[in-house]
Amino acid sequence: MAALNRLLRAKRELSFSSSYSWMTTDNLWRSLSSSTFSEAAQLRRAPSSPPPTSIKAFSVPRDPKERNVQWVFLGCPGVGKGTYASRLSKLLGVPHIATGDLVREELSSSGPLFKQLAEIVNQGKLVSDEIIFNLLSQRLEAGEAKGESGFILDGFPRTIRQAEILEDVTDIDLVINLKLQENVLLEKCLGRRICSQCGGNFNIANIDIKGENGRPGIYMAPLLPPPHCASKLITRSDDTEEVVKARLRVYNEMSQPLEEFYRSREKLLEFDLPGGIPETWPKLLQALNLDDHDGKQSAAA
Ligand code: ADP
């Protein structure tokens, strides 16, 4: 985490404080940060790294001396990246870092980036790499100060350029690509609700699609809020039909090369969601060779 953070900071400082082009900045940054590369290289050799040729043989490090997991979640808007990344982060004791949340925090603080960000996000477009690296770097600095290590990234990287930069600064163990049929994604985004008080995530969509033409059916029960949250529900400003469709278009354009990037490095775990949380959580744990022994997070919650 420290290596990742220092390098992100170095990159941010170079890219924001100078008028160099990205190419020049990259070259400069590479030579300037060579000392921290050795740290990334050591991580690469860490015994906890999963065997590169087999995702199936992946196992989570149990020895406390080994470093914590460094995972990435990919997947379309509405697929449930946040839900499963957050559950896994609690199970594994690593921070769940969602760049979408960082963008929304910045928006709610009405800081200097507000106008620029609101316009981009509400059109379903991607925020510039500079802004994303800035927000991510601040988040990593705050985490480092609290002694965090390892991470589950959600919503980052979203472009090949972001993936390349991430690859330069640290070693990613595993990339989990969550997949769900497209017609469900829109309904799930439109059904999403957030409690304005506790921040809890809920979904009022009741998805019950019959299988046809060889395609399996899918059932996802609504995830309703408890009574004390019910009157405080809000929706994300970018969860309107028009914006969700734009986000899905942008995601689909970007996702193929990104998936290929990680597939070619044998880090991509494809995971088709079989249904809602009760069906998906145990299967996801199984795919990751994990146990939720304490049963802290019931599959239905
Ligand atoms: P989604 O539900 O579409 O996956 P997120 O919550 O991850 O949405 O992100 C919300 C918005 O924040 C995105 O539509 C985009 O404008 C911006 N954003 C989040 N992460 C990134 C990123 N890595 N690069 C560029 N923009 C991002």
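Counting convention: from 1, in listed order, for ligands and their atoms alike. In this text the structure is predicted, and so the values were computed from the model without any measurement.
Heavy-atom distances between R192 and ligand 1 reach below 4.0 Å in at least one pair. Ligand 1 lies less than 4.0 angstrom from a heavy atom belonging to V121.
Aromatic ring centroids of F133 and F156 lie under 6.0 Å apart.
Of the residues R161, K267, R265, the one that meets the salt bridge (charged side-chain N to carboxylate O under 4.0 Å, His left out) test with E167 is R265.
In terms of protein heavy-atom proximity, atom 20 (N) of ligand 1 is closest to T99 OG1, 2.8 Å. With hydrogens left out, the protein atom closest to atom 24 (N) of ligand 1 is Q162 NE2, 3.0 Å, a heavy atom. Counting only heavy atoms of the protein, atom 23 (N) of ligand 1 lies nearest to G155 O, 2.9 Å. Residue, atom and distance of the protein heavy atom nearest to atom 7 (O) of ligand 1 are R158 NH2, 3.0 Å. Of all protein heavy atoms, the one lying nearest to atom 27 (C) of ligand 1 is I132 CD1, 3.6 Å. At the shortest separation from atom 3 (O) of ligand 1 among protein heavy atoms lies R247 NE, 2.9 Å. In this structure, the protein non-hydrogen atom closest to atom 17 (C) of ligand 1 is V127 CG2, 3.8 Å. In this structure, atom 10 (C) of ligand 1 lies nearest to the protein heavy atom R104 NH1, 3.6 Å.
For ligand 1, the atoms sitting less than 4.0 Å from at least one non-hydrogen atom of L126 are 25 (C), 26 (N), numbered in the order shown with element in parentheses.
The neighbour count for Q123 CD, taken as heavy atoms of other residues, nucleotides or ligands under 6.0 Å away, is above 12. Heavy atoms of other residues, nucleotides or ligands lying less than 6.0 angstrom from NZ of K179 number more than 12. Crowding of K232 atom NZ: a count of heavy atoms from other residues, nucleotides or ligands under 6.0 Å exceeding 12.
Distance check, rounded to the nearest 0.5 Å: CG of D239 to NZ of K188 gives 11.0 Å. Atom CG in D129 sits 12.0 Å away from atom CG in N134 (nearest 0.5 Å).
A donor atom on one side chain and an acceptor atom on the other are not found under 3.5 Å apart for D173 and Q70.
Under 4.0 angstrom from ligand 1, there are no non-hydrogen atoms of K188.
When D238, V250, D154, D101 are checked for heavy-atom proximity to atom 11 (C) of ligand 1, D238 turns out nearest. One option in Q123, K81, K125 has a heavy atom closer to atom 14 (O) of ligand 1 than any other, and that option is K125.
Looking at S89 and W71, their side chains never come closer than 4.5 Å, going by heavy atoms from C-beta outward.
Residues L180 and L285 fall within the same hydrophobic cluster, defined by Ile, Leu, Val, Met, Phe, Trp and Tyr side chains chained together at heavy-atom separations under 4.5 Å.
Not one N or O of V103 is nearer than 3.5 Å to an N or O of ligand 1, by distance alone.
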